[in-house]
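To start, the structure itself, in structure tokens.
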Amino acid sequence: YNPIKLNPVKKLYKSKKNILYVGRIVKEKGLDILIDAFKKIEKLNYKLVLVGSGSYEKNLKKKILNLELSKKVLFAGWKKDPTRYYLTSKVLVLPSFFEGFGNVLVEAIHHNLPCIATKNSGGPDEILGNGKYGMLFDLNNADDLKRKILLLIKDRKYKNKIVKSAKKSLNRFTFK
């Protein structure tokens with residue numbers, strides 16, 4: 001494991017109706033699937049916040065414009081410290097086709113944010129305990145991703161159970 005320094009978290013921001021992605025904006029991160037899933041829940045008045053930058057940003061902006069989501073999708077750019085975004089979001093989605101370790105999952109869990117990642121994409125399966133500490137969706141399946149996002153934002157009891165067990169699992173990623 002990559003050891004991660006998990007500093008105490010102070011809740012300085014009010015949680016908002018945000019669905020969050022943190023990472024590079026490149027094709028292999030599966031952001032097309034995330035946008036397709038988000039389009040299916042846009043009427044719930046959530047925003048999709050994309051933190052990061054990369055070569056695929058122009059393509060995504062064109063897709064977002066075509067889907068008439070320009071007012072609902074925010075490109076926040078690359079941030080050295082995305083803590084504010086973790087603390088103001090309802091769920092983190094990592095829709096990568098393949099992923100190494102996925103530090104953003106550990107960071108999100110540390111900030112009490114439930115996570116969804118692509119099933120069988122590598123490190124996320126292990127970090128999320130094959131679904132025990134977060135949710136895994138089927139590759140290229142926007143409907144499956146939509147269902148999992150909706151479950152985490154609508155079922156507070158289930159979300160809290162996932163977050164609590166995920167938080168307990170983080171000690172395996174510390175320097176100790």
Discussion item. Please determine whether side chain to side chain contact (heavy atoms under 4.5 Å, CB included) holds for the pair Leu105 and Tyr133, giving the CA-CA distance in whole Å, both sets of side-chain angles, and the decisive distance to 0.1 Å.
Written reply: CA-CA 10 Å; Leu105 293 171; Tyr133 308 128; over 6 Å; no

With heavy-atom distances below 4.5 Å as the criterion, would you say the side chains of [X] and [Y] are in contact?
{"X": "Leu92", "Y": "Pro114", "answer": "no"}
{"X": "Leu20", "Y": "Val91", "answer": "no"}
{"X": "Leu48", "Y": "Lys72", "answer": "no"}
{"X": "Val163", "Y": "Ile109", "answer": "no"}
{"X": "Lys17", "Y": "Lys47", "answer": "no"}
{"X": "Ile116", "Y": "Leu136", "answer": "no"}
{"X": "Asn18", "Y": "Tyr85", "answer": "no"}
{"X": "Ser121", "Y": "Phe97", "answer": "no"}

What is the distance from atom [atom1] of [X] to atom [atom2] of [Y], rounded to the nearest 0.5 Å?
{"X": "Thr118", "Y": "Lys29", "atom1": "OG1", "atom2": "NZ", "value": "10.0 Å"}
{"X": "Tyr46", "Y": "Leu150", "atom1": "OH", "atom2": "CG", "value": "9.0 Å"}
{"X": "Leu31", "Y": "Arg24", "atom1": "CG", "atom2": "CZ", "value": "10.5 Å"}
{"X": "Phe38", "Y": "Leu69", "atom1": "CZ", "atom2": "CG", "value": "6.0 Å"}
{"X": "Ile149", "Y": "Lys90", "atom1": "CD1", "atom2": "NZ", "value": "14.5 Å"}
{"X": "Ile33", "Y": "Asn141", "atom1": "CD1", "atom2": "CG", "value": "8.5 Å"}

Worksheet entry | Stepwise side chain to side chain contact (heavy atoms under 4.5 Å, CB included) test for Cys115 and Leu128 | CA-CA 8 Å; Cys115 299; Leu128 297 180; 4.0 Å; yes

For the residue pair [X] and [Y], what are the closest heavy atoms and their distance?
{"X": "Ser96", "Y": "Glu99", "value": "OG-OE1, 2.6 Å"}
{"X": "Pro82", "Y": "Glu107", "value": "CG-OE1, 4.4 Å"}
{"X": "Leu34", "Y": "Pro95", "value": "CB-CG, 4.1 Å"}
{"X": "Glu126", "Y": "Arg172", "value": "O-NH1, 3.3 Å"}
{"X": "Lys132", "Y": "Ile162", "value": "O-CD1, 3.8 Å"}

Discussion item. Side chain to side chain contact (heavy atoms under 4.5 Å, CB included), that's the test. Do Leu60 and Phe75 meet it? Break it down for me.
Written reply: CA-CA 10 Å; Leu60 287 180; Phe75 284 85; 3.9 Å; yes

Worksheet item: Within the side chain of Arg147, is there an N or O that forms a donor-acceptor pair under 3.5 Å with the backbone of Phe137?
Response: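 Not at all, since once roles are kept as given, no pair shorter than 3.5 Å links the two residues.
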
Side-chain donor-acceptor contacts of residues 49-56 below 3.5 Å, not counting sequence neighbours, with atom names and distances?
from	atom 1	to	atom 2	distance (Å)
Tyr56	OH	Asp32	OD2	2.6

Item to complete: Write out all pairs satisfying side chain to side chain donor-acceptor pair (under 3.5 Å) with one or both partners inside residues 148-163, taking only residues at least two apart or from two chains.
Response: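 Passing the test, one end in residues 148-163: Asp144-Lys148.
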
Should [X] and [Y] be regarded as members of a common hydrophobic cluster, given that ILVMFWY residues are connected when their side-chain heavy atoms come within less than 4.5 Å of each other, either directly or indirectly?
{"X": "Ile41", "Y": "Leu94", "answer": "yes"}
{"X": "Phe101", "Y": "Val26", "answer": "no"}
{"X": "Leu145", "Y": "Ile153", "answer": "yes"}
{"X": "Leu139", "Y": "Ile35", "answer": "no"}
{"X": "Val73", "Y": "Leu44", "answer": "yes"}

Fill in: Check against salt bridge (charged side-chain N to carboxylate O under 4.0 Å, His left out), Asp36 and Lys63
CA-CA 9 Å; Asp36 290 341; Lys63 178 178 185 136; 2.9 Å; yes

Practice prompt. List for me each residue that meets ring-ring contact (aromatic ring centres under 6.0 Å, His included) alongside Tyr86, sequence neighbours excluded, and say none if there are none.
Written response: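 Listed in chain order: His111.
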
Discussion item. Does this structure show an ion pair linking Asp143 with Lys40, if we count only N-O contacts that are shorter than 4.0 Å?
Written reply: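 Answer for the salt bridge query: yes.
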
